[in-house]
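The shown structure was predicted, so the numbers you read here are calculated from the model rather than taken from an experiment.
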Amino acid sequence: MITVAKMTDGRVVEVVRVAETVGFSPEKDWVMVCMDFEKMYGKRTEFKWVPAVTRFEWVREYSFG
């Protein structure tokens, strides 16, 4: 299963992980997204934690197999 989201700035990202807490902030609820989702899978290097309150235009789950 893969979760893909479109950010309000038009970028399509992959939702990689969801966490209640992270080591760099006392705030709760975070989402790790792959910012360079359109690149080949082995070449992805740009991951970013965003607050879970971040707005997305849409979020979709895809299942393969």
[atom2] on [Y] to [atom1] on [X], rounded to 0.5 Å:
X	Y	atom1	atom2	answer
Phe37	Glu46	CZ	CD	14.0 Å
Asp9	Glu57	CG	CD	8.5 Å
Thr3	Phe56	OG1	CZ	10.5 Å
Met35	Thr45	CE	OG1	11.5 Å

Is there a path from [X] to [Y] through hydrophobic residues (I, L, V, M, F, W, Y) whose side chains come within less than 4.5 Å of each other?
X	Y	result
Val53	Met7	no
Val13	Val18	yes
Trp49	Phe47	yes
Met32	Val50	no

(request) Write down the atom of Val31, the atom of Ala52, and the distance for their closest heavy-atom approach. (result)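 That closest heavy-atom pairing would be CG2-CA, 4.0 Å.
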(request) Specify the closest pair of heavy atoms between Val33 and Val16, including all atoms of both residues, with the distance to one decimal. (result)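 For Val33 versus Val16, the nearest heavy atoms are C-CG2, 4.2 Å.
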(request) Can you tell me which residue pairs pass the salt bridge (charged side-chain N to carboxylate O under 4.0 Å, His left out) test with a partner in residues 17-26, sequence neighbours excluded? (result)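 Listed by first then second residue: Glu20-Lys28.
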